[in-house]
Amino acid sequence: LAADARVLDCGCGGGANLAKLLKACPAGIVKGIDYSPVSVERAQELNRKAIQAGRCVVTQGSVQDMLFAGNWFDAVTAFETVYFWPGLERCFGEVLRVLKPGGLFFLCNETDGKNPELEAQWMKKIQGMQVYDKEQLRSALSAAGFPRAEGHANPELHWLCLIAKKK
């Protein structure tokens, strides 16, 4: 990321990744969105100084219908969150909409859809969770309008990351 990048973290949770993105982009703007009011409050507390400095905004809302301007972000991230997105293709379409041309979408999951035992443990703990494998995610990204998604996996840990670029 460039020092002055504009970055959005979808499903920002408690804000730890927002803090890391702010450090990576010291002259940039970092925004976060999360469905949970509790998570939004925690993310705001953790990143209070950056919010006061006008470098960070944390918003409660759904990735399905984001209020952000189109073609604005250099990068969008999604760490451990697409499991909960309703209408994955529509959500990916929203990510595509808010990215600048040439912008990158980076998503990372701690489960790759190839370990039924691990996935059963996760889904038992968290109701409503949907695990996707690399091909399911690529298909949804393609249907949303991303021309290609590069996948990176760790077969031993069953982690999966995808990077998609807007034309």
Side-chain angles (χ1 to χ4, degrees), residues 1 5-25 29-47 56-68 72-99 103-115 118-146 149-154 157-166:
L1 295 169
R6 296 175 179 176
V7 184
L8 171 63
D9 186 29
C10 294
C12 64
N17 285 324
L18 294 174
K20 289 177 185 174
L21 291 165
L22 285 159
K23 285 181 184 174
C25 308
I29 296 173
V30 176
K31 297 186 180 191
I33 185 170
D34 201 286
Y35 190 74
S36 164
V38 173
S39 292
V40 168
E41 186 177 320
R42 288 185 180 155
Q44 289 172 335
E45 287 172 18
L46 182 65
N47 296 287
C56 184
V57 175
V58 184
T59 305
Q60 183 183 355
S62 173
V63 177
Q64 196 171 24
D65 293 301
M66 294 189 282
L67 298 176
F68 302 115
W72 200 81
F73 292 99
D74 298 296
V76 175
T77 62
F79 296 97
E80 292 294 307
T81 184
V82 298
Y83 315 121
F84 310 105
W85 291 7
L88 199 57
E89 289 175 19
R90 180 174 173 176
C91 292
F92 287 168
E94 275 291 278
V95 169
L96 185 71
R97 180 185 68 76
V98 301
L99 273 173
L104 297 177
F105 177 37
F106 176 75
L107 72 90
C108 188
N109 292 342
E110 280 188 25
T111 182
D112 62 5
K114 297 193 183 290
N115 184 338
L118 177 64
E119 291 154 27
Q121 289 175 358
W122 278 103
M123 289 190 267
K124 188 176 180 181
K125 289 180 189 177
I126 307 169
Q127 267 191 322
M129 182 176 177
Q130 174 65 48
V131 175
Y132 302 98
D133 66 26
K134 181 169 42 176
E135 291 314 312
Q136 290 171 310
L137 291 168
R138 278 186 169 159
S139 177
L141 286 162
S142 177
F146 283 97
E150 184 179 321
H152 304 277
N154 182 321
L157 297 175
H158 292 281
W159 291 0
L160 172 65
C161 297
L162 289 171
I163 300 172
K165 186 176 185 176
K166 182 175 179 175

Nearest 0.5 Å please: distance from the [atom1] atom of [X] over to the [atom2] atom of [Y].
| X | Y | atom1 | atom2 | value |
| --- | --- | --- | --- | --- |
| Cys25 | Arg6 | SG | CZ | 12.0 Å |
| Trp85 | Phe92 | CH2 | CZ | 6.0 Å |
| Leu162 | Phe146 | CG | CZ | 11.0 Å |
| Ile163 | Thr77 | CD1 | OG1 | 12.0 Å |
| Gln130 | Leu88 | CD | CG | 9.0 Å |
| Gln136 | Leu160 | CD | CG | 10.5 Å |

Does [X] reach the side chain of [Y], with side-chain heavy atoms less than 4.5 Å apart?
| X | Y | answer |
| --- | --- | --- |
| Asp65 | Arg90 | yes |
| Cys10 | Glu94 | no |
| Val63 | Thr81 | no |
| Leu21 | Leu1 | yes |
| Leu46 | Leu18 | no |
| Asp9 | Val30 | no |

Minimum heavy-atom distance [X]-[Y], with the two atoms named:
| X | Y | value |
| --- | --- | --- |
| Glu89 | Ala144 | O-CB, 3.5 Å |
| Gly15 | Asn47 | O-ND2, 3.2 Å |
| Gln60 | Tyr35 | NE2-O, 3.3 Å |
| Gln64 | Pro86 | OE1-CG, 3.5 Å |

Requested in this report: Please report the C-alpha distance between Leu137 and Lys134 in whole Å, then the side-chain angles of each, then the deciding distance to 0.1 Å, and finally whether the side-chain contact (heavy atoms from CB on, under 4.5 Å) criterion is met.
Outcome: CA-CA 5 Å; Leu137 291 168; Lys134 181 169 42 176; 5.9 Å; no
**Report entry** Mutual orientation of the aromatic rings belonging to Phe68 and Phe73 [parallel < 30°, tilted 30-60°, perpendicular > 60°]
**Finding:**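 If you compare the ring of Phe68 with that of Phe73, the planes turn out perpendicular.
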Query raised in the report: Should we count CZ of Arg97 as having more than 12 external heavy atoms under 6.0 Å?
Result: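 Buried by this count: over 12 neighbours within 6.0 Å.
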For the backbone of [Y] and the side chain of [X], can you confirm whether one donor and one acceptor N or O come within less than 3.5 Å of each other?
| X | Y | value |
| --- | --- | --- |
| Lys166 | Leu96 | yes |
| Asp34 | Cys12 | yes |
| Gln44 | Val58 | yes |
| Glu80 | Glu110 | yes |

Report task. Would you please indicate if the ring centroids of Phe106 and Phe79 are separated by under 6.0 Å? Result ->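 Centroid distance Phe106-Phe79: below 6.0 Å, so yes.
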